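Beneath this line is the structure, given in structure tokens, with notes to follow.
Proteins get letters first, then strands, A, B, ... in listed order; numbering begins at 1 in each. Quick caveat, the model's predicted, so the values are computed rather than measured.
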Amino acid sequence: MARFIDELKRSHDNNALRAEHVGQEVVLFGWVASNRDHGGCVFVDLRDREGTTQLVFDADLQGYGDEPKVAYEQSQALRSEWVIGIRGIVKSRGGNVNAKLPTGAVEVHVVELGVFNKSDTPPFEIIDKLDTGEEKRLQYRYLDLRRKPLQHTLRARHRLLQETRRYFDDRGFLELETPSLVKYTPGGARNFLVPSRLHASKFYALAESPQLFKQLFMVAGFERYFQIARCWRDEDLRLDRQPEFTQIDVEMSFVNQDDIFATIEGLVFRLWKAVLGVDLLEKYPSGSFPRMNFDESMGHYGNDKPDVRFAMPHVELTELVIDHAGGGVPFWAELAAHFTSGRYRRDLPTEIVKGLRVPAAQAASLSRAELDKLEEFVKGMGSKGLARAKIGPSGEWLQSPLAKTITPELRTAINGACSVQEGDILFFQFGKESVVHTVLANLRVHLAKKFGFIPDSGHGGKFEFLWVVNPPLFEYDDETKTWAAAHHAFTRPHDDCVELLEKDPGKVLCWRYDLVLNGFEVGGGSIRLHDPEVQAKVFRALGISDEEAQTKFGFLLEALRFGAPPHGGIALGLDRLAMLLSGAESLRDVIAYPKTQKGICLMTEAPNVVSAKQLQELHVRSTE
RNA sequence: GGGGUGGUAGUUAAGUCGGUUAUAACGCCGGCCUGUCACGCCGGAGGCCGCGGGUUCGAGUCCCGUCCACCCCGCCA
């Protein structure tokens, strides 16, 4: 029978004791956060998940016989991260309070000490502000998690999960579970595959999302579903992408886009209030987030997840360049000729010209060396270069290769379109639309961080939410020269676009939406197709034959024939919400046991090799 | 698959033009110290300079390859 735990129960946590407890006898458990040996007495900071309490080991403590002396002798052996229990008496620190600790008005003079466990010297200190590299911290993740910042982050994540469950439960949503081991269906993200032991040469896929199953819940008549679902995608990682992640998955019947937005807005408002204490009604008094058309988002920001905490929009210059037949700039003349010849369409351009204006105040801070670095930066993303022009006193272009040949008329027109002032710098990108957009979108954010418009990471106290709506249903696939579903093949087109499905697929808009926060996509969904006739037209536009549709989505198509209600849904990235809300630098900071960029768990060293016998049992042979 | 940054005591970093025994801070170990709370003072130990090859009389430093971590493009909602 151990003295502590069995006989002496913990009476308080280490954040509990205040002046009012003075005189009480208490039992505390925890980790040694620091020990300061002054010869005649020893101070120990005792830490648990709630906080820290200062212990004093004083051999001369009166009224407890020899016990304090014994404890004092033992205390000299204590080292960082030992796990101990103590029994002691709460005493006031008088005027000598520690203002840094909530428990700083008191200290516990120890009568009895028990050591639960010693600790090796940890590879890094368990302190709030640590400069140890992430690689080391991930290797000893359980020690990193012992630190207060990560304890707080995971608590916030817990809060998110609980509030989410309460919110949906209150509104009559059912939390329903879906399988992780699913049938592989082509398209979309790459799946992790799981070999079947019972069926030679056959594989399950780990679900990339519960998409089909949640739609089938609607067919089943559950009407309102949510799930906090783990999803897996075997794609390359980024700071906001992990191979396994968590979605707040939602599907609703008999709703339109507005209904879904209202549901999600209610949730987000509640989460921000509960976790951060931030009332989003102050910023969004209507209770809803602003909406931006997909077209505008691409035009002004170059992607469908704009960070609107700062301005610096892109300026679309293609029309001007066409109207001026390139305006004396060789590359632009070539590009303009494609439009006038009819090879490129003005409403769905293949190649474009865009500008980005840097205001004079910031432009002045860009040295020649920094401009060269920016050019390297864009080249790394597939750009051929970074054409630029500095605006002179009367609108002339300085320090610019374009200046030599450009006509005054086009130059004036561009200056006007960009609203330039003396000292501004214009950056240009031209060529393939997707490259121009990617390069300029990243350049815009890169510059904003450089100029201090937004912090390098974290929200900087600003939360800019946005619904990006009305995107095209199809994207043109350059490699296969066909139209592909931009989201998935079951997204409902706008009614007035249905006739375009055959005539002009690129112009078809649809009921798809993304929720964007500070430049990150935190959610996305759509109103689904439940009309078999329109569904058939969509498949035809995608070049999917009836047989192919049957093979790929047979069970869903069949289900839709048995009385499917109109329905739609959305999935929110819980990890991303947690990251943005807490101001964390990456998804890894809000996931307890994350993977590195190569998909490795540094703590367990997964993935690892398995024996030939195991492979044989799974009917799998390595090609290595 | 591609571009970029980095890898030196337990940790974080410095290390010049290639040249003597590879530095510092924190941590760790020992000693001293009754009011610290980033305790202080004295002393000490601690290195496969990511790994492999090459150039050189001589490589932490130069060259080639490779592995790992991070950021980005492609990929991915």
Legend entry - RNA chain B contacts among residues 435-447 of chain A, heavy-atom distance under 4.0 Å: A:Thr438, A:Asn442
Inset, instruction - Enter the distance from A:Asp304:CG to A:Glu521:CD here, rounded to the nearest 0.5 Å. - result: 6.5 Å
Legend entry - Complementary nucleotide for B:C57 - Watson-Crick or wobble, under 3.5 Å: B:G19
Legend entry - Nearest heavy atoms of A:Val32 and A:Leu46, plus distance in Å: N-CD1, 4.5 Å
Inset, instruction - Determine the interatomic distance between C1' on B:C57 and the same-named atom on B:G18; round to the nearest Å. - result: 12 Å
Legend entry - Donor-acceptor pair between A:Asp249 and A:Tyr225 side chains, under 3.5 angstrom: yes
Legend entry - Nearest-angstrom distance, P atom, B:G6 to B:C62: 12 Å
Inset, instruction - Give a yes or no on whether a salt bridge exists between A:Arg241 and A:Glu235, defined as a side-chain N under 4.0 angstrom from a carboxylate O. - result: no
Inset, instruction - Inspect the contact between A:Arg47 and A:Glu81 and indicate whether a charged nitrogen and a carboxylate oxygen are less than 4.0 angstrom apart. - result: yes
Inset, instruction - Let me know the distance between CD of A:Gln139 and C1' of B:U11, rounded to the nearest Å. - result: 12 Å
Legend entry - salt_bridge(A:Asp45, A:Arg36) N-O dist < 4.0 Å: yes
Legend entry - Closest heavy-atom pair and its distance - A:Trp82, A:Ser119: CD1-N, 3.2 Å
Inset, instruction - Write down the partner of B:U34 under the Watson-Crick or G-U wobble criteria, each distance required to be under 3.5 Å. - result: none
Legend entry - Polar pair under 3.5 Å, donor/acceptor by atom type, side chain A:Arg238, base B:G74: yes
Inset, instruction - Determine the minimum heavy-atom distance between A:Pro122 and A:Leu143, stating which atoms define it. - result: CB-CD1, 4.1 Å
Legend entry - Toward the 5' end of RNA chain B, by each residue's nearest nucleotide, A:Arg79 or A:Glu125: A:Glu125
Legend entry - Pairwise C1' distance, B:G46 and B:C41 [rounded to whole Å]: 22 Å
Inset, instruction - Look at all strands and tell whether A:Ala571 reaches a base, only sugar-phosphate, or nothing, counting heavy atoms closer than 4.0 Å. - result: nothing
Inset, instruction - Find the distance between CZ (A:Arg291) and CG (A:Leu466) and round it off to the nearest 0.5 Å. - result: 11.0 Å
Legend entry - Whole-angstrom distance between B:G7 and B:U11, as gauged at atom C1': 14 Å
Inset, instruction - Rounded off to whole Å, could you give me the CG-to-C1' distance for the A:Asp249 and B:A77 pair? - result: 13 Å
Inset, instruction - Could you tell me the separation between the CD atom of A:Glu235 and the P atom of B:C76, rounded to a whole number of Å? - result: 6 Å
Legend entry - Atom C1', compared across B:G15 and B:G52: separation rounded to whole Å: 24 Å
Inset, instruction - Decide whether A:Ser383 and A:Gln429 meet the rule of one side-chain donor and one side-chain acceptor closer than 3.5 Å. - result: yes
Legend entry - Pair A:Phe310 + A:Phe451: ring centers closer than 6.0 Å: no
Legend entry - Pairwise P distance for B:C37 and B:A45, with rounding to whole Å: 28 Å
Inset, instruction - Answer yes or no: is there a donor N or O on one side and an acceptor on the other, between the side chain of A:Asn191 and the main chain of A:Leu206, under 3.5 Å? - result: yes
Inset, instruction - Quickly work out the A:Lys432 NZ to B:C73 C1' distance and round it to whole Å. - result: 12 Å
Inset, instruction - Answer with base, sugar-phosphate or nothing: what part of the nucleic acid does A:Gln247 contact at a heavy-atom distance below 4.0 Å? - result: nothing
Inset, instruction - Determine the sole option in A:Phe465, A:Tyr513, A:Phe261 for which the ring-ring contact (aromatic ring centres under 6.0 Å, His included) test with A:Phe289 is passed. - result: A:Phe465
Inset, instruction - Give A:Gly573 one of three labels, base, sugar-phosphate or nothing, depending on what nucleic acid heavy atoms sit under 4.0 Å from its own. - result: nothing
Inset, instruction - Give a yes or no answer on whether the side chain of A:His437 reaches the backbone of A:Ser434 with a donor-acceptor pair at less than 3.5 Å. - result: no
Inset, instruction - With a 4.0 Å heavy-atom cut-off, tell me which residues in residues 508-515 of chain A come close to RNA chain B, sorted by residue number. - result: A:Arg512
Legend entry - Nearest-Å distance for atom pair CG/P, residues A:Leu237 and B:C68: 14 Å
Inset, instruction - Compute whether any side-chain donor of one residue and acceptor of the other, for A:Lys91 and A:His109, lie under 3.5 angstrom apart. - result: no
Inset, instruction - Please work out which of the three classes, parallel, tilted or perpendicular, describes the rings of A:Tyr142 and A:Tyr140, given edges at 30° and 60°. - result: perpendicular
Legend entry - Partner nucleotide of B:G6 by Watson-Crick or wobble geometry (both distances under 3.5 Å): B:C68
Legend entry - A:Glu135-A:Gln139 side chain donor-acceptor pair, cut-off 3.5 Å: no
Inset, instruction - Scan residues 129-137 of chain A against RNA chain B and write down, sorted by residue number, each residue with any heavy atom closer than 4.0 Å; if none is found, say none. - result: A:Asp131, A:Thr132, A:Gly133, A:Glu134, A:Glu135, A:Lys136
Inset, instruction - Please report, rounded to the nearest Å, how far the C1' atom of B:C33 is from the CD atom of A:Gln76. - result: 11 Å
Inset, instruction - May I ask you to test the A:Pro472-A:Phe294 pair for a side-chain heavy-atom distance under 4.5 Å? - result: yes
Return the polar atom pairs (N/O with N/O) between nucleotides 2-5 of chain B and the protein under 3.5 Å, or none.
none

Legend entry - Letter per nucleotide, 5' to 3', of nucleotides 35-42 of chain B [B base touched, S only sugar-phosphate touched, - untouched; heavy atoms, 4.0 Å]: BBBSB---
Legend entry - Sub-4.0 Å heavy-atom contacts from residues 578-606 of chain A onto RNA chain B, ordered by number: A:Arg588, A:Thr596, A:Gln597, A:Lys598, A:Ile600
Inset, instruction - Using only heavy-atom distances, determine whether the side chains of A:Gln247 and A:Ser209 contain a donor-acceptor pair under 3.5 Å. - result: no
Legend entry - Between B:U11 (P) and A:Tyr140 (OH): distance, integer Å: 8 Å
Legend entry - B:C17 and B:A13, which share atom name C1', separated by this distance in whole Å: 23 Å
Inset, instruction - Using the side-chain hydrogen bond (donor to acceptor under 3.5 Å, both in side chains) rule, pick out the option among A:Asn15, A:Asn14, A:Thr53 that qualifies with A:Asp48. - result: A:Asn14
Inset, instruction - Look at all strands and tell whether A:Leu138 reaches a base, only sugar-phosphate, or nothing, counting heavy atoms closer than 4.0 Å. - result: nothing
Legend entry - Sugar-phosphate only, base, or nothing, as touched by A:Arg241 at under 4.0 Å among non-hydrogen atoms: base
Legend entry - Nearest-angstrom distance, C1' atom, B:A24 to B:C72: 34 Å
Legend entry - Evaluation steps, side chain to side chain contact (heavy atoms under 4.5 Å, CB included), between A:Glu351 and A:Phe430: CA-CA 7 Å; A:Glu351 294 191 297; A:Phe430 43 91; over 6 Å; no
Legend entry - Complement of B:G47, any strand, by Watson-Crick or G-U distances under 3.5 angstrom: none
Inset, instruction - May I have the distance from A:Lys384 (atom NZ) to B:C73 (atom P), rounded to whole angstrom? - result: 18 Å
